[in-house]
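Beneath this line is the structure, given in structure tokens, with notes to follow.
Per chain, numbering begins at 1; letters A, B, ... match sequence-line order.
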Number of protein chains: 2
Amino acid sequence: MQLDKVVQYHKALADPTRIKILILLADGELNGQVLAEKLSVTPATITHHASKLREASLINERRDKNTIYFSLNDYFIKNSASATEALIYRRTNTKGETEMLDEQQLKARDAVIRNFFTEDGRLKHLPGQLKKKLMVLEHMVSKLDKGKKYTEPEINAFIKTFHEDFATIRREFIMHQFMFRENEIYELNPAEMWARWENLS
Amino acid sequence: MQLDKVVQYHKALADPTRIKILILLADGELNGQVLAEKLSVTPATITHHASKLREASLINERRDKNTIYFSLNDYFIKNSASATEALIYRRTNTKGETEMLDEQQLKARDAVIRNFFTEDGRLKHLPGQLKKKLMVLEHMVSKLDKGKKYTEPEINAFIKTFHEDFATIRREFIMHQFMFRENEIYELNPAEMWARWENLS
DNA sequence: TATCTAATTAGATGAACATTAAATTTTATT
DNA sequence: AATAAAATTTAATGTTCATCTAATTAGATA
């Protein structure tokens, strides 16, 4: 269940030492000893915090000889927050207010789809802007069957009908929780798809 | 220091029971007993969690006779996350991606304003949709002087130039933190107004 | 005033967790 | 093979915290 993920993410950020680590890493990668020095704690403490940050996908690690350098996983930091929101405001838009803005939103989405896909339905490239990217991902994922389980090669093949770089896009599917992965099997997130980017805004 | 605030906010969300409370409140206000019942905990536990959520400004409370009803503080839930980001990445927006959607957002806002106000600037009614409501509230509040202090009758009179139901709208101002109230004196929230709903999207 | 209901407080318990020192592991260097 | 450097693990300690029960407070009603 995704509740655990959200809790885990916030736990990771619910400690001053860990926040300070992230702030330090925002200026560039650092190794454990240096972090320990700067924060006046022992290396063991850094190891401890690093594992929590790693489990929440907030940092990356790179080994060079004996030394492990930590760096921010900007991507997750920027996007995990919206997962909380999406969890809290899960329900679809209940009130029947279908006014102009909604129509414009629909138009905007169509424009984005037309803009980022070719006539024969191939993806040109992933949008940089979060909201547009979500629209694009949602468009692709909407072609999958709800409830059906897919193997990784199947998912790869599916994505390749849109774009060569299946690895990146597959990662985006997971990261934005359009899909779940459980022991090598992929499945669509049962939540309403449209609610995703509409509720974010 | 703002680090504490950020840590406090994430601590508030770093517990499954509290997340569940927020999810329940997303469907509308509930009192302590009902929450306790739905979550299979004692009322004392709810009191405990409510105080944490309150300290992080994630919920509002309303008293009716013996009963206290809790509701979401949507505004804080949506915006506190970006405070974390701002703390970690002190620098401003680097990417120059100014594409179509932003322009459409501006157009959309204008459309909402035109839609909910008459030609002579009166408010027809408050939108039900959060985003639109924020636009409408911001539009009104932008006519007030930043830094100036207002008495309650002054605020009421001001609101009545837009709409008869000053009580509701005044409450909305406070609830969505466009204004502060401190011993019967009202004042504009010094935060940038535009940042408010733009950051939501 | 007495009574009812909802909420809060106080104190207790057990689990989770941040931190450290000391021992161990990993990887590279001589 | 021996040594050095960085990271990790282990075990211990003290703190924070979620939860409960029982007692108390606050507000409303009869």
Closest-nucleotide ordering on DNA chain C, the 5'-leading residue of R63(A) and V41(A):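 In this pair, the answer is V41(A).
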5'-most by nearest nucleotide on DNA chain C - S40(A) or K65(A):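 That would be S40(A).
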Length of the line joining [X]:[atom1] and [N]:[atom2], which is rounded to integer Å:
X	N	atom1	atom2	answer
L13(A)	dA18(C)	CG	P	12 Å
H48(A)	dG14(D)	NE2	C1'	14 Å
L39(A)	dT19(C)	CG	P	10 Å
R18(A)	dT16(D)	CZ	C1'	13 Å
L35(A)	dA7(D)	CG	C1'	13 Å
I68(B)	dA28(D)	CD1	P	11 Å
H10(B)	dC17(D)	NE2	C1'	19 Å
K20(B)	dT19(D)	NZ	P	9 Å

Sugar-phosphate only, base, or nothing, as touched by T45(A) at under 4.0 Å among non-hydrogen atoms: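 Base contact.
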Touch class at under 4.0 angstrom, heavy-atom based, for T17(B) against every strand present: sugar-phosphate
For the student: nearest non-hydrogen atoms of K52(B) and A12(B), plus distance: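 Looking at all heavy atoms of both residues, the closest pair is O-CB, 4.1 Å.
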Heavy-atom pair of closest approach, residues F70(A) and I46(A):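 So the minimum-distance heavy-atom pair works out to CE1-CG2, 4.5 Å.
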Other residues, nucleotides, ligands: >12 heavy atoms within 6.0 Å of K38(B) NZ: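 It does not: K38(B) NZ has 12 such atoms or fewer within range.
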Among [options], which is the nearest nucleotide to the side chain of [X]?
X	options	result
Q33(B)	dA21(C), dC17(D), dA6(C)	dA6(C)
A44(B)	dA28(C), dT9(C), dT5(C)	dT9(C)
T67(A)	dA18(C), dA7(C), dA6(D)	dA6(D)

Distance flag, aromatic centroids of F158(B) and F162(B), threshold under 6.0 Å: yes
Any donor-acceptor N/O pair, R109(B) side chain to A111(B) backbone, under 3.5 Å: no
